[in-house]
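Here's the structure we're looking at; comments come further down.
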Amino acid sequence: MKALDRAIGYLNVKPRTKSQIVSYLQGKGFTDEEIAEAVKTLEEYRYIDDFAFACQYFELGFEKGHGLFRIRRELETKGVSPDVIEDAYESLEEVPDQYERALEIGGQIVDGDTGDMDYRQKQKLRARIARRLSTRGFSPDIAYRAAKELVK
(Lines give C-alpha, C1' and ligand atoms only; values in the text may rest on other atoms or scores of the structure.)
Protein backbone atom coordinates (compact mmCIF):
# COMPACT_ATOMS: atom_id res chain seq x y z
CA MET A 1 0.00 0.00 0.00
CA LYS A 2 1.26 3.48 -0.88
CA ALA A 3 2.01 6.13 1.72
CA LEU A 4 -0.64 8.43 0.28
CA ASP A 5 -3.32 5.74 0.54
CA ARG A 6 -2.36 5.04 4.17
CA ALA A 7 -2.39 8.75 5.01
CA ILE A 8 -5.83 9.24 3.46
CA GLY A 9 -7.15 6.27 5.43
CA TYR A 10 -5.72 7.81 8.59
CA LEU A 11 -7.35 11.14 7.76
CA ASN A 12 -10.72 9.51 7.16
CA VAL A 13 -11.08 8.89 10.89
CA LYS A 14 -10.68 12.57 11.91
CA PRO A 15 -8.71 15.68 10.93
CA ARG A 16 -4.97 15.45 11.63
CA THR A 17 -1.97 17.76 11.66
CA LYS A 18 0.99 17.44 9.34
CA SER A 19 3.11 16.21 12.23
CA GLN A 20 0.60 13.49 13.09
CA ILE A 21 0.55 12.27 9.49
CA VAL A 22 4.35 12.18 9.33
CA SER A 23 4.58 10.27 12.63
CA TYR A 24 1.92 7.81 11.53
CA LEU A 25 3.63 7.10 8.21
CA GLN A 26 7.02 6.74 9.89
CA GLY A 27 5.48 4.21 12.23
CA LYS A 28 4.23 2.26 9.22
CA GLY A 29 7.78 2.04 7.86
CA PHE A 30 7.60 4.38 4.89
CA THR A 31 10.74 6.16 3.73
CA ASP A 32 11.27 9.89 4.17
CA GLU A 33 10.86 10.43 0.42
CA GLU A 34 7.53 8.58 0.33
CA ILE A 35 6.31 10.52 3.34
CA ALA A 36 7.39 13.89 1.89
CA GLU A 37 5.62 13.11 -1.39
CA ALA A 38 2.42 12.03 0.38
CA VAL A 39 2.42 15.10 2.64
CA LYS A 40 3.05 17.42 -0.31
CA THR A 41 0.09 15.93 -2.19
CA LEU A 42 -2.17 16.16 0.87
CA GLU A 43 -1.21 19.79 1.38
CA GLU A 44 -1.82 20.63 -2.29
CA TYR A 45 -5.34 19.22 -2.06
CA ARG A 46 -5.76 20.86 1.38
CA TYR A 47 -6.44 17.57 3.13
CA ILE A 48 -4.01 18.73 5.79
CA ASP A 49 -3.77 22.36 6.85
CA ASP A 50 -2.38 23.07 10.32
CA PHE A 51 -3.78 26.61 10.35
CA ALA A 52 -7.35 25.48 9.59
CA PHE A 53 -6.93 22.61 12.06
CA ALA A 54 -5.86 25.04 14.81
CA CYS A 55 -8.76 27.42 14.11
CA GLN A 56 -11.23 24.54 14.33
CA TYR A 57 -9.55 23.23 17.47
CA PHE A 58 -9.82 26.62 19.20
CA GLU A 59 -13.52 26.88 18.40
CA LEU A 60 -14.23 23.34 19.57
CA GLY A 61 -12.17 23.83 22.73
CA PHE A 62 -14.01 27.03 23.63
CA GLU A 63 -17.35 25.28 23.05
CA LYS A 64 -16.27 22.55 25.48
CA GLY A 65 -15.34 25.15 28.09
CA HIS A 66 -11.59 24.69 27.86
CA GLY A 67 -9.25 27.53 28.66
CA LEU A 68 -6.73 29.10 26.37
CA PHE A 69 -3.73 27.43 28.05
CA ARG A 70 -5.16 23.94 27.57
CA ILE A 71 -6.07 24.47 23.93
CA ARG A 72 -2.63 25.86 23.10
CA ARG A 73 -0.89 23.01 24.95
CA GLU A 74 -2.97 20.38 23.17
CA LEU A 75 -2.23 21.93 19.77
CA GLU A 76 1.48 21.92 20.56
CA THR A 77 1.35 18.22 21.49
CA LYS A 78 -0.33 17.56 18.15
CA GLY A 79 2.65 19.12 16.41
CA VAL A 80 1.27 22.52 15.46
CA SER A 81 3.97 25.20 15.56
CA PRO A 82 3.60 28.08 18.04
CA ASP A 83 3.50 30.60 15.17
CA VAL A 84 0.59 28.81 13.52
CA ILE A 85 -1.20 28.56 16.88
CA GLU A 86 -0.81 32.30 17.45
CA ASP A 87 -1.95 33.14 13.91
CA ALA A 88 -5.00 30.90 14.31
CA TYR A 89 -5.89 32.47 17.65
CA GLU A 90 -5.58 35.99 16.24
CA SER A 91 -7.75 35.10 13.24
CA LEU A 92 -10.70 33.99 15.36
CA GLU A 93 -13.70 36.25 15.07
CA GLU A 94 -15.10 35.48 18.49
CA VAL A 95 -13.03 34.64 21.54
CA PRO A 96 -14.96 34.14 24.76
CA ASP A 97 -13.85 36.20 27.73
CA GLN A 98 -11.76 33.79 29.80
CA TYR A 99 -12.71 35.35 33.14
CA GLU A 100 -16.44 35.29 32.40
CA ARG A 101 -16.20 31.68 31.23
CA ALA A 102 -14.25 30.75 34.38
CA LEU A 103 -16.95 32.33 36.55
CA GLU A 104 -19.59 30.36 34.69
CA ILE A 105 -17.79 27.04 35.06
CA GLY A 106 -16.76 27.71 38.65
CA GLY A 107 -20.32 28.71 39.50
CA GLN A 108 -21.42 25.17 38.71
CA ILE A 109 -19.28 23.93 41.59
CA VAL A 110 -20.63 26.39 44.16
CA ASP A 111 -23.74 24.81 45.56
CA GLY A 112 -26.00 27.42 47.11
CA ASP A 113 -25.09 30.13 49.59
CA THR A 114 -21.55 30.15 50.97
CA GLY A 115 -22.33 32.72 53.68
CA ASP A 116 -22.71 30.16 56.46
CA MET A 117 -19.34 28.50 55.76
CA ASP A 118 -16.40 29.06 58.06
CA TYR A 119 -13.07 30.35 56.80
CA ARG A 120 -11.55 26.88 56.34
CA GLN A 121 -14.52 25.59 54.34
CA LYS A 122 -14.40 28.63 52.08
CA GLN A 123 -10.67 28.11 51.49
CA LYS A 124 -11.26 24.47 50.55
CA LEU A 125 -14.04 25.43 48.14
CA ARG A 126 -11.90 28.17 46.55
CA ALA A 127 -9.04 25.69 46.10
CA ARG A 128 -11.41 23.14 44.56
CA ILE A 129 -12.76 25.70 42.09
CA ALA A 130 -9.26 26.91 41.20
CA ARG A 131 -8.04 23.33 40.64
CA ARG A 132 -10.99 22.54 38.38
CA LEU A 133 -10.44 25.69 36.36
CA SER A 134 -6.71 24.99 36.11
CA THR A 135 -7.33 21.49 34.77
CA ARG A 136 -9.65 23.00 32.19
CA GLY A 137 -6.80 25.20 30.99
CA PHE A 138 -7.48 28.56 32.58
CA SER A 139 -4.46 30.58 33.70
CA PRO A 140 -3.73 30.53 37.44
CA ASP A 141 -4.54 34.22 37.88
CA ILE A 142 -7.95 33.82 36.21
CA ALA A 143 -8.69 30.60 38.13
CA TYR A 144 -7.88 32.11 41.53
CA ARG A 145 -9.57 35.42 40.78
CA ALA A 146 -12.77 33.61 39.73
CA ALA A 147 -12.64 31.33 42.78
CA LYS A 148 -12.24 34.33 45.07
CA GLU A 149 -15.14 36.11 43.40
CA LEU A 150 -17.42 33.06 43.67
CA VAL A 151 -16.63 32.32 47.31
CA LYS A 152 -16.55 35.51 49.36
Side-chain angles (χ1 to χ4, degrees), residues 6-28 30 35-36 38-40 42-152:
R6 278 292 184 125
I8 290 172
Y10 188 55
L11 281 168
N12 278 337
V13 177
K14 65 182 182 179
R16 312 281 183 171
T17 65
K18 178 180 177 179
S19 177
Q20 289 175 314
I21 295 291
V22 169
S23 295
Y24 174 77
L25 293 176
Q26 286 172 339
K28 294 297 178 185
F30 290 101
I35 293 170
V39 166
K40 181 181 175 198
L42 292 171
E43 285 178 328
E44 285 174 4
Y45 287 106
R46 301 192 45 87
Y47 283 118
I48 53 175
D49 180 352
D50 284 357
F51 177 78
F53 181 90
C55 289
Q56 251 183 335
Y57 206 86
F58 270 113
E59 290 172 5
L60 181 64
F62 289 143
E63 283 177 22
K64 289 182 175 181
H66 295 165
L68 191 57
F69 281 17
R70 179 175 177 172
I71 297 168
R72 286 177 189 248
R73 184 180 63 245
E74 288 176 356
L75 283 168
E76 285 177 3
T77 62
K78 292 180 181 301
V80 180
S81 77
D83 293 337
V84 173
I85 293 170
E86 191 59 37
D87 290 346
Y89 177 72
E90 289 176 5
S91 76
L92 296 174
E93 292 178 14
E94 250 185 77
V95 177
D97 181 75
Q98 293 289 289
Y99 180 67
E100 292 297 320
R101 191 72 175 121
L103 285 174
E104 185 181 315
I105 293 167
Q108 296 170 355
I109 298 169
V110 177
D111 192 26
D113 186 25
T114 59
D116 57 341
M117 291 181 162
D118 65 19
Y119 177 77
R120 206 168 132 250
Q121 290 172 321
K122 287 181 180 181
Q123 286 297 96
K124 282 180 76 173
L125 184 56
R126 281 188 198 116
R128 183 172 160 221
I129 292 168
R131 277 193 312 274
R132 172 80 54 87
L133 293 173
S134 291
T135 60
R136 288 196 138 205
F138 291 92
S139 68
D141 62 317
I142 288 176
Y144 287 111
R145 197 172 74 185
K148 190 174 182 182
E149 176 67 27
L150 289 166
V151 183
K152 293 184 179 182

* **CZ (Arg70) with more than 12 external heavy atoms under 6.0 Å** => yes
* Asked: At their closest point, which heavy atom of Ala38 faces which heavy atom of Leu25, and how far apart are they?
  -> CB-CD1, 4.2 Å
* To do: Please determine, by modelled atom types, if Arg126 and Gln123 share a side-chain donor-acceptor pair under 3.5 angstrom.
  => yes
* Closest heavy-atom pair and its distance - Cys55, Ser91 -> SG-OG, 3.4 Å
* For Lys78, all residues meeting salt bridge (Lys or Arg N to Asp or Glu O under 4.0 Å), sequence neighbours excluded -> none
* What's the shortest heavy-atom distance between Ile21 and Ala7, and which atoms? -> CG2-CB, 4.1 Å
* Relative to each other, are the rings of Phe58 and Tyr89 parallel, tilted or perpendicular (30° and 60° limits)? -> tilted
* **Spacing of CD belonging to Glu74 relative to CD1 belonging to Ile85, to within rounding of 0.5 Å** => 10.5 Å
* First locate atom CZ of Arg132, then atom CZ of Phe138, and finally report the distance between them rounded to the nearest 0.5 Å. => 12.0 Å
* Taking 4.0 angstrom as the limit, do Arg145 and Glu149 come out as a salt bridge? -> no
* Under 3.5 Å, is there a donor-acceptor pair between the side chain of Asp50 and the main chain of Ser81? -> no
* When you look at Leu125 and Ile109, which way does the side-chain contact (heavy atoms from CB on, under 4.5 Å) test go after all the steps? -> CA-CA 9 Å; Leu125 184 56; Ile109 298 169; 4.1 Å; yes
* To do: State the CD-CD1 distance between Gln108 and Ile129, to the nearest 0.5 angstrom.
  => 11.0 Å
* To do: Using side-chain hydrogen bond (donor to acceptor under 3.5 Å, both in side chains) as the criterion, list what pairs up with Glu43, not counting sequence neighbours.
  => none
* Any Val80 side-chain heavy atom under 4.5 Å of Tyr57 side chain -> no
* To do: Return yes if some donor-acceptor pair links the side-chain N/O of Gln121 with the main-chain N/O of Asp118 below 3.5 Å, else return no.
  => yes
* Reported CZ-to-CD1 distance for the pair Arg16 and Ile48, which is rounded to 0.5 angstrom -> 12.0 Å
* May I ask you to say whether Glu104 pairs ionically with Arg101, meaning some side-chain N is under 4.0 Å from a carboxylate O? => yes
* Search all heavy atoms of Phe53 against all heavy atoms of Pro15 and return the closest pair with its distance. => CE1-O, 3.5 Å
* What is the minimum heavy-atom distance between Arg46 and Asp49, and which atoms define it? -> NH2-OD2, 2.8 Å
* For atom OH of Tyr144, decide whether the heavy atoms of other residues, nucleotides or ligands shown that lie under 6.0 angstrom number more than 12. => no
* **Any Leu133 side-chain heavy atom under 4.5 Å of Ile142 side chain** => no
* To do: Report the C-alpha separation of Phe62 and Ile71 in whole Å, then their side-chain angles, then the decisive distance to 0.1 Å, and conclude whether the side-chain contact (heavy atoms from CB on, under 4.5 Å) test is met.
  => CA-CA 8 Å; Phe62 289 143; Ile71 297 168; 3.7 Å; yes
* Relative to each other, are the rings of Tyr47 and Tyr45 parallel, tilted or perpendicular (30° and 60° limits)? -> tilted
* To do: Say whether, by atom type as modelled, one donor and one acceptor occur between the side chain of Ser23 and the main chain of Gln20 under 3.5 angstrom.
  => no
* Find out whether Ile8 and Leu42 are in side-chain contact, i.e. whether some heavy atom of one side chain is under 4.5 Å from a heavy atom of the other. => yes
* **Smallest separation among heavy atoms of Ala130 and Ala143, with atom names** => O-CB, 3.8 Å
* Would you verify whether the NZ or CZ of Arg6 falls within 45 degrees of the ring axis of Phe30 while also being under 6.0 Å from that six-membered ring's centre? => no
* Test side-chain contact (heavy atoms from CB on, under 4.5 Å) on Glu86 and Arg72 and set out the steps. => CA-CA 9 Å; Glu86 191 59 37; Arg72 286 177 189 248; 2.8 Å; yes
